[in-house]
Amino acid sequence: MNKSKRIFTKSKRSFRRRLPPIQSGDRIDYRNMSLISRFISEQGKILSRRVNRVTLKQQRLITIAIKQARILSLLPFLNNHKQFERSESTPRTTSLRTIKK
């Protein structure tokens, strides 16, 4: 079959279009904690733009709002519960060295 005579068919896979995570009425602000918390992982990291499915401008505003909220202590810098638990460490030597003369 020639290249010019090929029939391009549309794929029959259907997909559900996701709703945008930020509606037009939502204000991206450091005080809007319900909105900001959707864009932070369980570890406290800012999720990427691909994961969030937001525009570049929205991602920049979200990042600025999250950083402002962290500075004002509205959000923790780390959301790691293991940070405060004492884990088993390697045993350290507590004996003092004796100086030989």
Side-chain angles (χ1 to χ4, degrees):
M1 199 178 234
N2 284 343
K3 286 184 180 180
S4 61
K5 300 213 178 197
R6 281 188 194 161
I7 300 171
F8 293 101
T9 57
K10 204 173 190 181
S11 66
K12 300 199 181 208
R13 234 181 354 168
S14 64
F15 62 94
R16 196 179 95 213
R17 188 163 176 90
R18 286 189 171 186
L19 294 173
I22 300 176
Q23 276 70 33
S24 60
D26 286 340
R27 183 174 167 88
I28 302 172
D29 198 17
Y30 67 93
R31 292 172 285 182
N32 194 351
M33 296 306 294
S34 61
L35 178 71
I36 288 176
S37 61
R38 285 190 272 169
F39 302 106
I40 299 176
S41 70
E42 292 178 4
Q43 299 166 347
K45 295 180 181 179
I46 301 172
L47 294 174
S48 69
R49 198 178 135 222
R50 275 185 301 162
V51 174
N52 290 338
R53 295 186 175 263
V54 293
T55 63
L56 181 62
K57 188 173 184 179
Q58 288 173 335
Q59 182 69 21
R60 283 189 189 135
L61 291 171
I62 289 166
T63 303
I64 291 168
I66 290 171
K67 289 179 179 181
Q68 286 176 343
R70 285 176 176 169
I71 290 170
L72 295 172
S73 299
L74 300 174
L75 279 176
F77 279 92
L78 291 176
N79 197 10
N80 193 355
H81 298 291
K82 294 178 185 176
Q83 177 185 6
F84 300 108
E85 293 176 7
R86 185 90 176 162
S87 61
E88 282 188 37
S89 60
T90 57
R92 297 183 181 174
T93 57
T94 57
S95 63
L96 298 172
R97 289 188 210 172
T98 56
I99 302 172
K100 294 181 182 179
K101 292 185 179 179

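Given the structure is predicted, the values throughout are model-derived calculations rather than measurements. The analysis underlying the following values was restricted to heavy atoms, covering all of them including side chains, and did not include hydrogens, waters or symmetry mates.
F39 is not listed as a side-chain neighbour of I46, based on a closest heavy-atom distance of 4.5 Å or more.
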Walk me through whether I36 and I62 qualify under side-chain contact (heavy atoms from CB on, under 4.5 Å). CA-CA 7 Å; I36 288 176; I62 289 166; 5.9 Å; no

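To the nearest 0.5 Å, atoms CG (N32) and OG (S37) are separated by 8.5 Å.
Follow the hydrophobic side-chain contacts under 4.5 Å out from L72 and you never reach L78; the two are in separate clusters. A continuous path of hydrophobic side-chain contacts links L74 to I66 [ILVMFWY only; heavy atoms under 4.5 Å]. Following chains of ILVMFWY side-chain contacts shorter than 4.5 Å, one can reach I22 starting from M33, so the two form part of one hydrophobic cluster.
Closest non-hydrogen pair, L47 versus S41, comes out as CD2-CB, 3.8 Å. The minimum heavy-atom distance linking L35 with D26 is given by the pair CD1-OD2, 4.2 Å. In this structure, R70 and F77 approach most closely via the heavy-atom pair O-CE1, 3.5 Å.
A side-chain donor-acceptor contact under 3.5 Å links Q58 to the backbone of T55. A donor-acceptor pair under 3.5 Å is formed between the side chain of R49 and the backbone N or O of V54. No donor-acceptor pair under 3.5 Å is formed between the side chain of Q59 and the backbone N or O of R50.
For R53, the CZ atom is loosely surrounded, since the number of other residues' heavy atoms within 6.0 Å does not exceed 12.
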